[in-house]
Amino acid sequence: MKTLLAIATLSLLTGCASISGERMQPITVKTIHDNVEIAGVGCTLTNDAGSWFVTTPGSISVHKSTGDLAVDCRKDAFAGNQTLVSKSNGAVWGNVLIGGGIGYIVDRNTGAGFDYPAATTIMLRKLGETPAATVPAAVAEAPAVTALSQQ
């Protein structure tokens with residue numbers, strides 16, 4: 001009888017993030033070009049749970065998921081995009097310790113155990129421009145090194 005009661009209690013405790021955590025998360029989006037904030041840019045945020053639209057600067061609540069959140073912004077001759085990585089929050093690890101795999105599976109399916117960054121700034125570029133290369137200055141300025149053959 002005690003074993004049955006312990007199992008029932010543990011099953012009620014699993015899914016902690018799903019019970020105590022939110023399935024929706026607000027995200028603030030800003031857009032800039034040449035270090036100047038550009039307002040009125042339309043952004044679409046998409047993950048495996050749906051799509052949402054926000055005009056910058058602004059906030060929108062998205063359904064959390066284990067999948068990353070793609071942010072695509074466009075206005076006139078400007079465009080920019082970024083991917084927000086979904087990371088597990090503390091509640092999901094409580095489920096692993098207390099409830100084992102069942103709680104983790106519930107949190108994974110509902111997205112409640114995962115979070116995106118709360119804010120993002122999208123760097124806009126003019127359409128037709130090639131995105132700037134992300135080569136560190138020290139590497140870009142370093143002299144070329146040629147391999148010497150052994151004789």
Can you name the closest pair of heavy atoms from Q25 and P117 and give their distance?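 Smallest interatomic distance, heavy atoms only, reads NE2-O, 3.8 Å.
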Which heavy atom in L127 sits nearest to a heavy atom in R74, and how many Å separate them?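 Residues L127 and R74, closest heavy atoms: CD2-NH1, 4.1 Å.
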In the structure I gave you, are the side-chain heavy atoms of [X] and [Y] within less than 4.5 Å of one another anywhere?
X    : Y    : result
I32  : M123 : yes
K75  : T31  : no
K126 : F78  : yes
K30  : T121 : yes
T28  : P57  : no

Applying side chain to side chain contact (heavy atoms under 4.5 Å, CB included) between D68 and each of L84, V85, T46, report the one that passes.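 Result for side chain to side chain contact (heavy atoms under 4.5 Å, CB included) with D68: V85.
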Out of the candidates V54, T55, I27, T120, only one should pair with C43 under the side chain to side chain contact (heavy atoms under 4.5 Å, CB included) rule; please name it.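 Single pass found, and it is V54.
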Within the distance-only criterion (no hydrogens, no angle test), does the side chain of N47 pair as donor or acceptor with the backbone N or O of H63 below 3.5 angstrom?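 Checked: pair present.
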Point-to-point distance, once rounded to the nearest 0.5 Å, from OG1 of T66 to CZ of F114: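 T66 OG1 to F114 CZ: 6.0 Å, rounded to 0.5 Å.
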Is a salt bridge present between D115 and K87, judged by a nitrogen-to-oxygen distance below 4.0 Å?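 Salt bridge absent between D115 and K87.
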Passes side-chain contact (heavy atoms from CB on, under 4.5 Å), I122 versus V71? Steps please. CA-CA 8 Å; I122 307 298; V71 183; 3.8 Å; yes
Criterion side-chain contact (heavy atoms from CB on, under 4.5 Å) on V62 and Y116, from CA distance to verdict: CA-CA 10 Å; V62 300; Y116 296 110; 4.2 Å; yes
Dump the intermediate steps for side-chain contact (heavy atoms from CB on, under 4.5 Å) on R23 and K64, then the final yes or no. CA-CA 6 Å; R23 294 179 183 190; K64 298 194 297 185; 5.7 Å; no
Go through it in stages, so that I can follow the logic: the residues are D48 and S65, the test is side chain to side chain donor-acceptor pair (under 3.5 Å), and I'd like the CA-CA distance, side-chain angles, deciding distance and then a yes or no. CA-CA 7 Å; D48 58 354; S65 170; 2.3 Å; yes
Report the C-alpha separation of V41 and L124 in whole Å, then their side-chain angles, then the decisive distance to 0.1 Å, and conclude whether the side-chain contact (heavy atoms from CB on, under 4.5 Å) test is met. CA-CA 10 Å; V41 178; L124 298 175; 3.9 Å; yes
Under a 3.5 Å threshold, yes or no: a donor from one side chain and an acceptor from the other, between T44 and S51?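 No, no side-chain donor-acceptor pair sits under 3.5 Å.
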